[in-house]
**Student:** 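After the structure tokens below, expect a handful of questions from me.
The chains referred to below are lettered A, B, ... by the order of the sequence lines, with proteins before strands, and numbering in each begins at 1.
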2 protein chains.
Amino acid sequence: MVTIDDIKQAQSLIRPFIKQTPVVSSSLLNSWLGHEIFFKAECLQTTGAFKLRGACHFLAQLKKQKQLPKRIVANSSGNHAQAVAYAGRLFKVPVEIFSAANISPIKAAATQYYGAKLSTFETRVMADEAVQRASQEQDTVWIPPFNHPYIIAGQGTAALEALKQCEDIDMLATPCGGGGLLSGSIVAARASKRDLRVIGAEPLAANDAAQSLRQGSIVSLKSTPTTLADGAATPSIGEHTFEIIKQVNAFYEVNETDIAYWTQWLQHLLKLHIEPTCAMTMQAVVNELAASKNRGQPEKQRVMVIISGGNISQQSMHTIWQSDHLSTVPSLELAK
Amino acid sequence: MVTIDDIKQAQSLIRPFIKQTPVVSSSLLNSWLGHEIFFKAECLQTTGAFKLRGACHFLAQLKKQKQLPKRIVANSSGNHAQAVAYAGRLFKVPVEIFSAANISPIKAAATQYYGAKLSTFETRVMADEAVQRASQEQDTVWIPPFNHPYIIAGQGTAALEALKQCEDIDMLATPCGGGGLLSGSIVAARASKRDLRVIGAEPLAANDAAQSLRQGSIVSLKSTPTTLADGAATPSIGEHTFEIIKQVNAFYEVNETDIAYWTQWLQHLLKLHIEPTCAMTMQAVVNELAASKNRGQPEKQRVMVIISGGNISQQSMHTIWQSDHLSTVPSLELAK
């Protein structure tokens, strides 16, 4: 099990490679909700997402153990690919990314700009099979996207940093895909303040973690989910992340309309290019603030939301901005 | 004529009220263009635009002269309205904003949140007439959007600050609406480095400044222009701003497709919610970098772009993201 000491060690190992991203807020949003919401802007992290923390930590650990391989492989068509490509360059290890051929041109360009070789396959399944074969070759290491103690500890540094930048937080909220960010955040939060509540958010259309929590064992989605929150479209969480995520205080499933609503509002209010995956978390925050009203929580809670990334395709941006959500001002009445 | 001393005085007067916004850059963009482009992120300024600088300076000057009025009026349905509303609250003077009834609900909400009274009129012309009448009432002062030495000096502080944050800049680029930002930037640039080139950008669909520069006298547009770059849709520049803008080194008109192209790319690369009005400036930068290739300029120029704001309506966002511009990577070959 990952401990706070693991996260602290990760923090000191990755410090040379990682930006301390700012914490921002919106006085308008705070006045509308009657609480103080802080946002840890990991969309401003190098490569545009928190994922670099886990990837750097994984390689920093191997380096510390003098076990850096001659080749790194990873399968992803999203933020993890760019993070591994960039981290590989930092540690001077060649990287090969295995991806489905439908990887977006901008993500392909960024991955290659960071110096990685990009191998594309007809389908995602074929890419996954290829990375598995490649990882068994000599001197080759596969960097998993979430289900590994090094990755969880690395992602946990975002919450650790945020809780130091902004003290006395009552609630910490993150999105949940494979669960690396949420599980790392739970460990960081528990060590920071005993009664700090941690909540998670997942797209209703890809609710494997919610199902897993209800059932008490890991549930895998049978088909590829379609959701604006593509960073949380993973078919299942992992054993390492699930063990920790069981401790989450509340977990909410968010529909596509609400994901678009909060993406519009957060982009508008914070002036940041924020992914739907993390904007979604605000619906969970509003649900939880409304639900906890009569539960003896502070009248004006201080909430930290981890803005996990800012890599969005043109197609998603077009969908997000199709309807006018800015005509309905945020309030706790939006709670579900 | 506004001087560098006026801008320096403005800077010291508004310091308590203004954020020092960060300067950001994209290593990907720099590698694609072969030059270093820096962006002064005034979209992160309070109220979401540089406009607060001019409005605060105007009121700080009145306060210094013990001439703060009992009421401030302004006509705007854009960034100037929010800036004046916010500045009025800072200086504890009631503000009334006169606007056309089609003001966007989010801008209306923000203006009122900052404590201003919002009066709406059937048309923009009726709002302008009403503000003129109101400004003649006792103890009432009208804060103009651009054509005033205090406003020009205030807006010039953005460039002054940027050129201090990032030295040895070869080219400074800003958008041009009424010309407050461009003229203030020209004065700041001239005082910073003799051969620092300043370039301006304007929507082709609202090219009154370009026409004015060609003709040598101020040209007013006859009809209300339709452009994504709504912050630069002013029908004419002013006498104060025009006198200074005559010194601009180059001035480019940008079509709507290129405005959308650069808005998509800057939002994506910088992870900031950037207005079309300022993203447009990148087309001028690319044009000028390509044109100056054989003119003895440094091989790798350092360019500062003033990102003027980040207030964008849902309708504009929807239009901006309609086509996929991210499939065409930026390069100097896009020069026109």
**Student:** In terms of heavy-atom pairs under 4.5 Å with chain B, which of A:Ala110, A:Ser313, A:Ser323, A:Gly48 leads?
**Tutor:** A:Ser323
**Student:** Do the non-hydrogen side-chain atoms of A:Met317 and B:Gln267 ever get within less than 4.5 Å of each other?
**Tutor:**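 With C-beta onward as the side chain, the pair touches.
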**Student:** Could you tell me which portion of A:Leu326 (side chain, backbone, both or neither) has an atom closer than 4.5 angstrom to a non-hydrogen atom of chain B?
**Tutor:**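 Both the backbone and the side chain of A:Leu326 come within 4.5 Å of chain B.
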**Student:** How long is the span from the CD1 atom in A:Ile312 to the CD atom in B:Gln264, to the nearest 0.5 Å?
**Tutor:** 11.5 Å
**Student:** For the residue pair B:His273 and A:Trp321, what are the closest heavy atoms and their distance?
**Tutor:** CE1-CZ2, 4.0 Å
**Student:** Output yes when a side-chain donor or acceptor of B:Lys271 lies under 3.5 Å from a complementary backbone atom of A:Leu44, and no otherwise.
**Tutor:** no
**Student:** Specify the closest pair of heavy atoms between A:Tyr113 and B:Ser27, including all atoms of both residues, with the distance to one decimal.
**Tutor:** OH-O, 3.4 Å
**Student:** Between B:Leu28 and chain A, with a heavy-atom cut-off of 4.5 Å, which part of the residue counts as in contact: side chain, backbone, both or neither?
**Tutor:**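 Backbone plus side chain of B:Leu28, per the 4.5 Å heavy-atom cut-off to chain A.
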**Student:** Out of A:Ser327, A:Ser31, A:Ala109, which one racks up the most heavy-atom pairs below 4.5 Å with chain B?
**Tutor:**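 The residue among A:Ser327, A:Ser31, A:Ala109 with the greatest pair count is A:Ser31.
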**Student:** In terms of heavy-atom proximity below 4.5 Å to chain A, should B:Leu270 be classed as side chain, backbone, both, or neither?
**Tutor:** backbone
**Student:** Just by distance, do the side chain of B:Gln314 and the backbone of A:Gln322 share a donor-acceptor pair under 3.5 Å?
**Tutor:**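 Judged by distance alone, yes, a pair lies under 3.5 Å.
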